[in-house]
Amino acid sequence: MSFPTVTDRDHDAFWRDGYVVKRGFFDEEEIGLLTRAIAEDEAIHRHVVAVNDSKGASTELALWNHPGDDLFGAFARCIRMVEGTEKLLGGEVYHYHSKLTMKRPRVGGAWDWHQDYGYWYN
């Protein structure tokens with residue numbers, strides 16, 4: 001099966017706009033595996049915390065720093081992801097962290113605007 005690749009045009013759009021959307025970068029079956037893992041994988045559930053918004057509603061967040069030997073680790077290290085990211089950034093890339101933000105339909109809270117990039121270095 002053929003998948004979209006990151007192009008020079010994507011690179012330029014990334015540096016101009018700050019993001020790139022690649023529809024079909026992962027197929028429906030692959031996304032289904034990730035969705036199922038979110039629902040069923042105990043390793044993910046161990047990382048989940050509730051984050052309250054300013055109105056008292058909550059959203060779930062799972063965060064970890066090392067890509068494991070699990071499904072999410074495989075996605076983070078797959079050639080499509082690594083080569084695409086290297087093309088966007090212009091060099092070798094490293095896994096920084098994995099984050100799942102799980103806002104449940106019609107019941108989840110909002111992500112209030114915040115700035116947290118600065119303290120990630122510590």
Side-chain angles (χ1 to χ4, degrees):
M1 177 170 210
S2 171
F3 294 94
T5 59
V6 174
T7 65
D8 290 337
R9 190 173 177 192
D10 295 326
H11 172 274
D12 295 344
F14 175 78
W15 287 101
R16 182 188 66 241
D17 303 329
Y19 67 93
V20 173
V21 175
K22 293 300 288 186
R23 298 199 186 280
F25 199 68
F26 292 108
D27 66 26
E28 188 174 331
E29 181 180 0
E30 292 166 323
I31 297 302
L33 291 170
L34 292 172
T35 301
R36 186 169 149 203
I38 291 168
E40 298 175 5
D41 190 333
E42 286 302 317
I44 291 172
H45 292 210
R46 283 193 297 273
H47 292 285
V48 173
V49 296
V51 178
N52 292 330
D53 66 17
S54 60
K55 298 195 183 338
S58 72
T59 297
E60 294 173 314
L61 169 72
L63 177 71
W64 60 98
N65 293 324
H66 303 286
D69 292 327
D70 59 5
L71 187 65
F72 277 90
F75 270 75
R77 289 190 298 271
C78 81
I79 196 162
R80 276 179 271 164
M81 184 68 75
V82 174
E83 286 184 353
T85 306
E86 287 179 342
K87 179 147 188 144
L88 290 177
L89 298 179
E92 189 173 11
V93 295
Y94 297 88
H95 180 269
Y96 187 57
H97 71 269
S98 292
K99 182 188 297 184
L100 296 172
T101 56
M102 299 166 282
K103 182 181 180 299
R104 304 297 177 194
R106 295 174 288 286
V107 296
W111 283 105
D112 292 328
W113 189 93
H114 65 285
Q115 177 60 49
D116 60 6
Y117 182 72
Y119 67 77
W120 278 103
Y121 289 104
N122 298 321

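The first residue in the sequence is number 1, and the count goes up from there. As the structure is a prediction and not an experimental result, all values here were calculated from the model.
- The backbone N or O of T5 sits less than 3.5 Å from a side-chain atom of K22, completing a donor-acceptor pair.
- Panel note: side chain R77, backbone G68; a donor-acceptor pair is recorded below 3.5 Å.
- Here CE of M102 is found 9.5 Å from OG1 of T59. Values are rounded to the nearest 0.5 Å.
- Judged by distance alone, the side chain of S58 and the main-chain N or O of G109 form no donor-acceptor pair under 3.5 Å.
- F72 CZ to L33 CG: the interatomic distance, rounded to the nearest 0.5 Å, is 10.0 Å.
- Contact record, I38 with L100: CG1-CD1, 3.9 Å, taken as the closest heavy-atom pair.
- Contact annotation: the side chain of V6 never approaches that of V20 to less than 4.5 Å [non-hydrogen atoms, C-beta and beyond].
- When side chains are defined from C-beta on, D41 does not count as touching L71, because their heavy atoms never get closer than 4.5 Å.
- Taking each heavy atom of K87 and D8 in turn, the nearest pair found is NZ-OD1, 3.0 Å.
- In this structure, R80 contributes its side chain and F3 its backbone to no donor-acceptor pair below 3.5 Å.
- In terms of heavy atoms, L89 sits closest to V93 at CD1-CG1, 3.8 Å.
- Scanning both residues, A76 and H95, for their nearest heavy atoms gives CB-CD2, 4.0 Å.
- In the hydrophobic cluster analysis, where Ile, Leu, Val, Met, Phe, Trp and Tyr join through side-chain heavy atoms closer than 4.5 angstrom, V51 is grouped apart from V48.
- Atom CD of E40 sits about 10.5 Å away from atom OG1 of T35, to the nearest 0.5 Å.
- Counting all heavy atoms, side chain and backbone alike, F75 lies closest to M81 at O-CB, 3.6 Å.
- The NZ atom of K99 sits 10.5 Å away from atom CG of N65, with the distance rounded to the nearest 0.5 Å.
- Residues H47 and L63 approach most closely at ND1-O, 3.4 Å, considering heavy atoms.
- Here the side chain of H45 pairs a donor or acceptor atom with the backbone of A39 at under 3.5 angstrom.
- Around atom CG of D17, more than 12 heavy atoms belonging to other residues, nucleotides or ligands sit under 6.0 Å away.
- In terms of hydrophobic clustering, with Ile, Leu, Val, Met, Phe, Trp and Tyr side chains grouped at heavy-atom distances under 4.5 Å, V82 and F14 are assigned to a common cluster.
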